[in-house]
Each structure stands twice: as structure tokens, then as C-alpha cells.
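As the structure lists them, so they are numbered: ligands from 1, and atoms in each ligand from 1. Every heavy atom of this structure was used, including side-chain atoms; hydrogens, water molecules and symmetry mates were not.
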Amino acid sequence: MPASTCDLATTNNSLASLRSRLAEIHDLRRALAVLEWDMEVHMPPKGAEGRGRLIATLSTLRHRLATDPEYVRLVEALADDDSLAGDDALIVREAAYDLRRERKLPESFVREWSEATTAGFNVWREARARNDFAAFRPALERIVDLSRRAADHYGYDESPYDALLEGYERGTTVRALRAMFGPLARELRPILDGAVAAQASWDAAWTEGTWSVDAQRAVERRVLEAMGYEFEAGRVDVAPHPFCTMFALHDVRITTRYDESDVFSSLFSVMHEAGHALYDAGFDPAVDGTPLADAPSLGIHECNSRLWENVVGRSRAFAEWLLPALREAHGPRLARVSPDDLWRAANRVRPSLIRVEADEVTYNLHVAARFELECDLIEGRLAVRDLPEAWNAKYKSYLGIDVPSDADGVMQDVHWSSGLFGYFPTYTLGNIYAAQVYAAFLRDVPDWDDRVRRGDLRALLDWLRPRIHRVGRRMTSPEIVRAVTGSEPDRAHFVGYLRAKHGVA
Ligand code: ZN
């Protein structure tokens, strides 16, 4: 016997109210994304102060709406309603999860956080350009202090860093990550040494010189179109660091930055960000405006971006398709370059300073170093004033390199200036998920390499859409990995993938 007609009508009304409340909260989040995108792409420097106020006001309004007593009652009543099923039940489950987290932060804290992180970003941008850590330090001290207070508000069992991680990779902990990063770093070491030794004889002289930005753009456009990125539903702009942002299902934008001395830097950034964009554009329209049209974690988001950037973009088959496109755009200088030359240059492994330009192997050492520094900062073992020295020591021990300046050292990433403590580990989780998901994809599409050689990349998007993109937050990241691959998330796939690619036993 179903619930009475009266109960059913009440439930349906409540669900409709919930959907409309969620859509409002969602719309404010997307309006904030427009303001933040504009801040990074177009805003003149003197606009920073006014923009900080705008973002803080809108963030506060969003928080107020998301914790409003009437909304709280609505979610709580629906969470107790056993008659809900399917997406209705899942929307309520996820709304209740978000609400629990949101309510832990006082409104005054939300405003303070927003002001500090917006100011922090603008201070960082200037300080980095002048290689002046001392100028950035007060802003960063404030953000670290606020991050620790955020952790106290959220609550935690073992480490305050766990409370921050929850915002990026739900369910993971410092303990779990330490158990993963430690062995992974040890497994990467022989791959790094083996790859560096094997590559000593490679000739990459052809990559030197200047690469026109216009020609780089032309190649990127072809690659993006082959991936399935729609220019009628997105655009590519230049910003100090590459990112992807979503204003609507049919307006997902990416940014890049050009380096005229590097033919690969922007290309792989663009493939990476387009991987994120294809995921966002693939959320289920039927649940748009609800928490289900979102990623369950950043690790699974990074799984998508890294699949395209590294697993596909740095594959041997892709080099065969890419080379004629590069020749067409950049001219005769590539006449004597072979697909092998191109593949090798795109896969050169070497310890380097800058994370976003690191190869697939050492990238994870950059992440491990940041993870440890973040734990030390948030758990109170490291003060911001000692951070540059600690950074340089980590780079020496993990990558064996000396850091020449804070601009290319401790200030190279945007994350800390924006308060994103807990974000970095998701990059390596993404690498791990991507290798495992790719193995499952190849079982279903065994002729993938032949398709890539022809520039037919559509099969990957078509395969990801129903299995990951449409799922959104109906499942957690580990559940998605299990459903898609048939096994638990396991770094062995990633390590095996790197060993095979770099010919290390
Ligand atoms: Zn990414």
C-alpha cells in the first residue's frame, strides 16, 4: 500500500520546493563562477578590491540561502521520508550531506574566508610576478589560520587536514593518503631512474626555438574539436593559470597560457582542461541544478582530465595523428620529425621545478611534496615563515633539484592563495583512477589506437558519458571506479602503465 494521496501530495510539493531551492543555490554558485572567471581573465588590476567585495557578498548570500531555517526544515523532513526512491532519494541524500557541511560554518566566517581568499589570490599574483614571498606571507598566514579554523568548524577525528580533504575527496583521510603516497613514491623512483637513463640518447633539439602562438591555437582547436569539445558551448581564454569553469551545461569554459618556447605546454593544458569541461558538460540534464549534476570528488574530475591529457594525448598513436596537424600549423621545421620523435619529446621524464609542466612520473612527486607540506601547515608543525625553506628541502629530497626562486618554488601554484588546502592529492588520485578506467575502456574498445591514428577520438567521450559523466553524484568516486572497472581503486594500474610506457621492468 503506497502512502496516502495526501502524504504523496505533500511529498511532491516538498520535492518541488527542494528542487527550486537547490536551483537558486546552484545559480548563485554559477554566478560566482562568472565573477571569478572574469577576475582571472579580464579584470583590470585595480578592480580587485571591488571584486573581492562582490564575491564576498554573493558567497554570504549563497551560504544564507543554503542554511536558511525553512530550507533546513524542508531537507530534514524529506530526509526522514521513507517513501522516496530513485533520483528523488539521491537528491535528498546529497542535499542533506551538503547541508550538514554548510551549517558548520558561521556566516561571518564565510564572508571572512571569501574576502581573505579573493585578496590572497590578487596578492599572490603580484607577489609572484615580483618574486616577493615576504609580500605574500601575511595573506597566506591569514589563509592558513582560516583553513585551520574551517577544520575546527567542520570537526574531525584524527587530523584537521581530514576535514579539509572531505571538501575535495569525500571519505579520504591523511592516514589513507599516507598509505598510498609512501609506497607510490618508492615505486616511482626506479621508473624515474630507468626513464631518465633510457632517454639520455634522445635528440629533442627540434623542440627548441620559438613556436608561434597563433599556430599553437590552430592545433589546439583541431584537437579540441576531435575530443568533442563544442565551441558553441564554451570558449578558450588566456589566464595566469589554466582552469575550467562551468556557468551552465552549455557554457563550460577553459583557460590556458602560452609559452612561445614550448610547443607542448599549452596543448596539454588545453587537453587537460577540456577533459574537465567534457565531464561538466556531460552531467545529466534531468538533474541539472541539483547536487546530482556534479562530480562526487575532484579525484574523479582529474581522472577525466588526465585520461585526455596524458593517457590519450601522450600516447604513441596520438603522436601519429598530431604530427600532420603540427606540420600544417608550424611549417617545414617539422619536416624531419617522426611520430617517434614527437612521442618521445612529449614523454620526456626529468625532475623539474614546475608541477603543471611536469611529466607523468615526477608529477606525483610534486604532489607528494605539497601534501606533506600542507599536512605540516594545517597540523601546526610548520609556520608560513619557514615554508620557502621547507619547500626547497622537499624539492631536494623528492626531485633532487635546487629551487632558484620562490616565484618558481613555493609561489608557483595558485591553490594556497585561494585557500585550496586538500586539493593537491586529488591530482594523483586522478592519475590512479585514469589508468584503471583506461584499462577497462580498452577492453570495450580494443581498436582504440587505430581510431586515434585516424583522429577519431569520439569513442572515449561516448564511453565515458553514461559510465561516469551522467552518473554525477549518484555514486561516490570509489563506487564509480568499482562499477566501471570491476575492481577496487588500485595504484597498481597506474604504476604498471608507467612501467610499460617507459620500458621499465
Ligand atoms: Zn585538473
Residues Tyr161 and Glu374: side-chain donor-acceptor under 3.5 angstrom: yes

All pairs passing ring pair (Phe, Tyr, Trp, His ring centres under 6.0 Å) where residues 469-491 contributes a residue, at least two apart: Tyr279-His469

Lys501/Glu360 salt bridge by N-O under 4.0 Å criterion: yes

Expected output: side-chain Asn131 to main-chain Ala127 donor-acceptor under 3.5 Å: no

Partner residues of Asp27 under the side chain to side chain donor-acceptor pair (under 3.5 Å) criterion, sequence neighbours left out: none

In the protein, N/O/S atoms that are found under 2.8 Å from the Zn ion (ligand 1), waters not counted: His272 NE2, His276 NE2, Glu302 OE2

Listed partners of Arg142 passing side chain to side chain donor-acceptor pair (under 3.5 Å), at least two apart: none

